[in-house]
Amino acid sequence: QPLTIHLDLESRLSRIIRQGYLARNPFDPKYRHNFINSNSVINNMNHDLNHNELFRSTGASLTIIGISGIGKTTAINRILSLYPQVIIHSKYKDKNFSMYQITWLKIDCPHDGSLKGLCVEFFLKIDRILGTNYYQKFGQGRLSVNTMLPAMAKIAINIGLGLLIIDEVQNLNEARSGGADKMLNFFVGLTNLGIPNVLVGTPSAMSILQSKFRQARRGSGQGDLVWDRLKNDENWDLLMNAIWDYQWNRNVTILDKKISDTLYEESQGITDIAVKLYAMSQIRSMMSGTEVITSELIQSVAKENFKLVKPMIDALKTSDIKKIALYEDIATDMTDFMGLISGSNNYVTEMKIAAIREHKR
C-alpha cells in the first residue's frame with residue numbers, strides 16, 4: 001500500500017538515477033577521454049577523490065535509515081521494479097552503439113562487514129544478470145581487496161551502472177578493524193566517479209555513517225531519509241483499510257476504530273508486526289471456530305504468539321529512550337537516539353548499563 005513516504009522515496013530514487021547520468025554521456029569526447037584515463041584514479045581508491053579532476057561528477061548519494069520491519073527493502077524493491085534493470089543498446093541516432101547498461105544493482109552488505117564479501121557479491125550479481133565471468137576473474141583465488149575494489153569500480157563504469165544500493169549497511173558495525181572506513185571511502189570514491197549509491201540500514205548504522213563528515217555529507221546528496229514507525233494517523237488508517245480486504249473468516253469483521261487502535265498498540269506502528277498480527281488473529285479465530293476478529297483476540301494473540309518481540313514492543317510503548325536504546329534497530333525518537341549514539345563511548349555504555357539494570361528490576 002503506497003503511503004506518503006513511499007512517494008517521497010520513489011521521487012528521490014528517480015532523481016538520483018537521472019542526475020547521475022548527466023555527466024556520463026558516452027558520446028561526449030571529453031567523457032570518453034576521461035573514461036579511458038580513469039584507471040589511475042580507480043587504482044588509487046584511497047586517494048582524496050573529492051578533488052577528482054577527470055570530470056565534474058553529478059553522482060549523488062542517499063542514506064535511508066529506518067527501524068527494522070518498517071518495509072524499507074520491500075519498498076525499494078517495488079520502486080526499482082519500475083525500471084528495466086538491463087538496457088541493451090545497439091544504435092543511437094543512426095550511430096552504432098553497442099553497450100549493456102545496468103540501471104540499478106542492489107546487494108546486501110555481508111554479515112561480517114567484510115569488503116571482500118561485498119566485492120564477491122557484486123561480481124556474482126553482475127554475472128547472473130549479464131552472463132559474464134567476473135567472479136571467476138576477480139572473485140576467486142587469492143586476490144586482495146585492494147585488487148577487487150578497482151575492478152569493481154571499473155566494471156561499474158563499463159556497464160553504465162545507474163545506481164548501486166547497499167542494503168543492511170548496519171552490518172558495518174561488525175566489520176573487521178578498518179573495514180567500515182575502507183567501505184565508506186569506497187562509496188565516496190564511486191560517487192566521485194559519477195556512480196550514485198544508496199545506503200540502507202537500521203538506526204544502529206548511524207554511528208558508523210556519522211563518523212566521517214565526508215560520508216555524512218555525501219550520503220545526504222538527496223537528503224537523508226529517516227524512516228520512523230507509523231503514527232496512528234491517516235497513513236495508519238490507509239494501511240489498515242488496505243490489508244483489511246485480505247480477510248478470510250466466514251464471519252466478516254468490520255474494521256472499526258477500536259480494532260485499529262488495538263492493532264496499533266500491539267504493533268506500535270511497525271508494518272511487519274501489524275500484518276503478521278492480523279494474519280495470526282485470523283488463524284486463531286478459525287481454529288477456535290468463532291471466525292470473528294475482536295480487540296481481545298488481537299491482544300491475546302500478541303501476548304501468546306509474539307513473545308520474542310514483546311520486550312521491544314513494550315520498550316516502544318514506554319517511549320523511554322533508555323529502554324529503547326537496548327534495541328537499537330527499533331529506535332523511534334531519532335533526535336534523542338542520534339544524540340545518544342553520537343556521544344562518547346563511555347556515555348553510551350553508561351546509558352545502556354543503566355537501562356539494563358532498570359530493566360532487570
Enquirer: Do any N or O atoms from the side chain of Thr103 and from the backbone of Pro84 form a donor-acceptor pair under 3.5 angstrom?
Expert: yes
Enquirer: Check whether any side-chain N or O of Ser81 sits under 3.5 Å from a backbone N or O of Arg78 as a donor-acceptor pair, and report yes or no.
Expert: yes
Enquirer: Do side-chain atoms of Asn197 reach the backbone of Leu164 as a donor and acceptor pair under 3.5 angstrom?
Expert: no
Enquirer: Start with the C-alpha gap between Lys106 and Glu121, add the side-chain angles, then the distance that decides, and say whether salt bridge (Lys or Arg N to Asp or Glu O under 4.0 Å) holds.
Expert: CA-CA 10 Å; Lys106 181 175 173 292; Glu121 183 65 16; over 6 Å; no
Enquirer: For Asn251, does its backbone N or O pair with a side-chain atom of Asn249 as donor and acceptor, under 3.5 Å?
Expert: no
Enquirer: According to the interplanar angle, ranging from 0 to 90°, do the rings of His89 and Phe97 count as parallel (below 30°), tilted (30 to 60°) or perpendicular (above 60°)?
Expert: tilted
Enquirer: If you measure from OG on Ser267 to OH on Tyr278, what distance do you get to the nearest 0.5 Å?
Expert: 13.5 Å
Enquirer: Angle class for the His6/Trp227 ring planes (parallel below 30°, perpendicular above 60°, tilted otherwise)?
Expert: perpendicular
Enquirer: I'd like to check Asp272 versus Thr74 (side-chain heavy atoms, cut-off strictly below 4.5 Å). Are they in contact?
Expert: no
Enquirer: Within the distance-only criterion (no hydrogens, no angle test), does the side chain of Gln268 pair as donor or acceptor with the backbone N or O of Met312 below 3.5 angstrom?
Expert: no
Enquirer: Would a 4.5 Å heavy-atom cut-off, applied to side chains only, mark Ile159 and Tyr100 as touching?
Expert: no
Enquirer: Please tell me whether Ser14 and Arg18 have a donor and an acceptor in their side chains that are separated by less than 3.5 angstrom.
Expert: yes
Enquirer: For Gln85 and Trp104, indicate whether the former's side chain and the latter's backbone hold a donor-acceptor pair under 3.5 Å.
Expert: yes
Enquirer: Kindly assign one of parallel, tilted or perpendicular to the pair Tyr264 and Trp236, based on the angle between their ring planes and the thresholds 30° and 60°.
Expert: perpendicular
Enquirer: Flag yes if Leu105 and Val86 sit in one hydrophobic cluster, no otherwise; membership is Ile, Leu, Val, Met, Phe, Trp, Tyr, and two members link when side-chain heavy atoms are under 4.5 Å apart.
Expert: yes
Enquirer: With salt bridge (Lys or Arg N to Asp or Glu O under 4.0 Å) as the criterion, how do Glu168 and Lys72 come out once you've worked through the C-alpha distance, each side chain's angles and the decisive distance to 0.1 Å?
Expert: CA-CA 10 Å; Glu168 307 295 347; Lys72 303 181 296 298; over 6 Å; no
Enquirer: Are any side-chain N or O atoms of Ser11 and backbone N or O atoms of Asp8, one a donor and one an acceptor, separated by less than 3.5 Å?
Expert: no
Enquirer: I'd like to know if the side chain of Tyr135 and the backbone of Ile126 have a donor-acceptor N/O pair within less than 3.5 Å.
Expert: no
Enquirer: Contact between Ile270 and Leu316 at the side-chain level, heavy atoms closer than 4.5 Å - yes or no?
Expert: yes
Enquirer: Ignoring hydrogens and angles, state whether a donor on the side chain of Glu266 or Thr262 is under 3.5 Å from an acceptor on the partner side chain.
Expert: no
Enquirer: At their closest point, which heavy atom of Ile254 faces which heavy atom of Ile259, and how far apart are they?
Expert: O-CD1, 4.1 Å
Enquirer: Flag yes if more than 12 heavy atoms outside Lys137 fall under 6.0 Å of its NZ atom; otherwise flag no.
Expert: no
Enquirer: What pair of heavy atoms forms the shortest contact from Cys109 to Ile166, and how long is it?
Expert: CB-CG2, 4.1 Å
Enquirer: Do Leu82 and Val200 belong to the same hydrophobic cluster, where Ile, Leu, Val, Met, Phe, Trp and Tyr are linked whenever their side-chain heavy atoms lie under 4.5 Å apart, directly or via other members?
Expert: yes
Enquirer: Counting only N and O atoms by type, is there a donor-acceptor contact under 3.5 Å from the side chain of Gln101 to the main-chain atoms of Ile87?
Expert: no
Enquirer: When Ser300 is tested against each of Glu296, Lys303, Glu304 for side-chain hydrogen bond (donor to acceptor under 3.5 Å, both in side chains), which residue passes?
Expert: Glu304
Enquirer: Heavy-atom distance under 4.5 Å between the side chains of Tyr134 and Ile155, does that happen here?
Expert: yes
Enquirer: Checking the side chain of Arg24 only, and the main-chain atoms of Leu161 only, is there a donor and an acceptor separated by less than 3.5 Å?
Expert: yes
Enquirer: Could you label the plane-to-plane angle of the Trp248 and Tyr246 rings as parallel, tilted or perpendicular, counting under 30° as parallel and over 60° as perpendicular?
Expert: perpendicular
